[in-house]
Amino acid sequence: MDIESLFKGLVLERLKENLERFFGFPVEVNIKNFKSEKLSEVVHIFGDPEEHNAVILMRVTGSIPGYLVAVFPVRAANSLVKHLLGQTAEAAGEWTDMERSAIKETSNLIAGSVLTVLSDALGKSLVASIPGMTLDMVLAAVDVALIDIAKATDTASILEMEFIDHEIRGYIFYLMDEGSYRKLARSIEEKNA
Amino acid sequence: MREVHMGTYAVDKSPAVLSAAGLGSCIAVILFDANKKIGGLAHIMRPKYEGQTGELAKFADKVIPAMFEEMLKIGSNKDDVHAKIVGGANMFPDTAEFGGDVGVQNTVAAEEALKNLGVHITDKDTGGHVGKTVYFDLSTGLLDVRFKM
């Protein structure tokens, strides 16, 4: 087992199961990308730099620190709100506190699914912070995470997952610096041994 | 158009447009010599170099003097160079976890580096809570800052 197969197997399985239970309908979950990229090149990973999305950022603390980012295109975030709360969201960017909570709650569920599987599989403690949310350019929202990673390295390891329904779509990024990536790989090797 | 990615910089002569997309807590420092129409843009991630290995262009205190020197080498007069600064936002003001002041630190470090070089800041659009994308046209000296309305 390696990092990608751990995510493609156990992590996606749990994510799909939890999202389907939460939404009450089937969703497709995939790994879109997994690469180590120079910080100067990550712009291409986060889509159109000027497009605005709902971006939820969570810091991962514990043995393998990093960041989890959930990204919902505005239309998908509105569909999410409508489905969860049974109400049509106001214009983008004018979500009520309850609507923002619904979007954050979905992100908490995603983080919980991913981190629980990793913690269980690797025997490591991993905890997500309270989510921060903004409606803006993805790169502008995640740069605070990349700035943190840039403290010690020029490379970020980024794993991108997506979940898709006919209306609701979201992207999940797991960002790690080189040190965390090595720790994760080593933990998997130890489990394989 | 030359896109200047995070942690890098570019120096060019007119006609050229330099851009930096998705500035959050990062800052763009633009240096411009309006007489020679030579300019540079740095997409800065961190305030100060502290002995880390790797790219120096991501640090305000390293990249600004380097960019300035490069402009002088291709013909700029140091007394004609002015600066513009954009970015340095706090994108998550409601969440203490990400409400740090790295955007402010970047801005302060850039101002300090410019002061040390004797470069005057003519335009400053820093702080706030929104992401920005900048386009700087070296043929006109015009700076276009785009953000969510």
Side-chain angles (χ1 to χ4, degrees), chain A residues 37-61 67-69 74 91-94 97 100-101 104 107 127-156 177-178, chain B residues 3-10 19-28 42-60 86-103 105-106 128-135 144 146-149:
Chain A
E37 191 74 91
K38 288 194 75 167
L39 292 170
S40 56
E41 298 302 324
V42 297
V43 59
H44 303 296
I45 292 176
F46 297 111
D48 179 349
E50 288 196 41
E51 191 181 317
H52 292 147
N53 292 272
V55 185
I56 298 89
L57 180 64
M58 291 159 279
R59 188 194 300 272
V60 178
T61 54
Y67 289 87
L68 270 167
V69 186
V74 173
E94 293 172 22
D97 286 349
R100 289 170 70 89
S101 290
K104 285 185 184 176
S107 307
V127 180
S129 70
I130 293 169
M133 178 175 166
T134 185
L135 174 69
D136 214 304
M137 306 173 205
V138 180
L139 190 60
V142 301
D143 84 350
V144 70
L146 298 169
I147 285 169
D148 189 28
I149 288 172
K151 224 187 276 179
T153 175
D154 292 328
T155 306
D177 66 12
E178 287 169 328
Chain B
E3 268 184 55
V4 182
H5 293 165
M6 203 175 261
T8 67
Y9 76 102
S19 78
L23 298 165
S25 297
C26 286
I27 54 167
H43 188 152
I44 294 166
M45 301 184 79
R46 298 198 60 85
K48 294 201 173 182
Y49 173 68
E50 292 166 328
Q52 302 95 324
T53 54
E55 296 290 338
L56 296 178
K58 62 189 175 188
F59 302 105
V86 181
N90 175 358
M91 300 298 292
F92 300 95
D94 301 332
T95 311
E97 185 73 30
F98 309 112
D101 60 354
V102 67
Q105 287 174 34
N106 279 337
H129 311 300
V130 297
K132 293 177 180 130
T133 291
V134 296
Y135 298 88
D144 178 11
R146 298 183 192 174
F147 54 92
K148 180 184 68 176
M149 297 300 284

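Below, all heavy atoms of this structure are taken into account, side chains as well, without hydrogens, waters or symmetry copies. The sequence lines fix the lettering, A, B, ..., with proteins before strands; numbering per chain opens at 1.
Checked by atom type and distance alone, the side chain of B:Gln52 pairs as donor or acceptor with a backbone atom of A:Lys151 at under 3.5 Å. A:Asp143 contributes a side-chain N or O that, together with a main-chain N or O of B:Ser25, makes up a donor-acceptor pair within less than 3.5 Å. Side-chain atoms of B:Lys148 come within 3.5 Å of backbone atoms of A:Leu135 as a donor-acceptor pair (strictly under, hydrogens ignored). Remark: side-chain polar atoms of A:Arg59 are paired, donor with acceptor, to backbone N or O of B:Glu97 under 3.5 angstrom.
Under the side chain to side chain contact (heavy atoms under 4.5 Å, CB included) criterion, A:Asn53 pairs with A:Glu51, A:Val55, A:Val71, A:Pro73, A:Val138, sequence neighbours left out. With sequence neighbours left out, the salt bridge (charged side-chain N to carboxylate O under 4.0 Å, His left out) criterion links B:Asp144 to B:Arg146.
Using bins of under 30°, 30° to 60° and over 60° for the plane-to-plane angle, the ring pair A:His44/B:His5 lands in the perpendicular bin.
Taking all atoms of both residues into account, the shortest heavy-atom contact from B:Glu55 to A:Asp154 is N-OD2, 2.6 Å. When all heavy atoms are compared, the tightest approach of B:Thr8 to A:Ser40 is CG2-CB, 3.6 Å. In terms of heavy atoms, A:Leu57 sits closest to B:Phe98 at O-CE1, 3.1 Å.
Comparing A:Ala150, A:Pro131, A:Ser129 by how many heavy-atom pairs each has under 4.5 Å with chain B, the most go to A:Ala150.
Proximity to chain B is limited to the backbone of A:Thr153, based on heavy atoms less than 4.5 angstrom apart. With a threshold of 4.5 angstrom between heavy atoms, B:Val102 approaches chain A through side-chain atoms but not through N, CA, C or O. Contacts of B:His43 with chain A are absent, with no heavy-atom separation under 4.5 Å from either backbone or side chain.
Residues A:Met137 and B:Thr133 meet the side-chain proximity criterion, which asks for heavy atoms closer than 4.5 Å.
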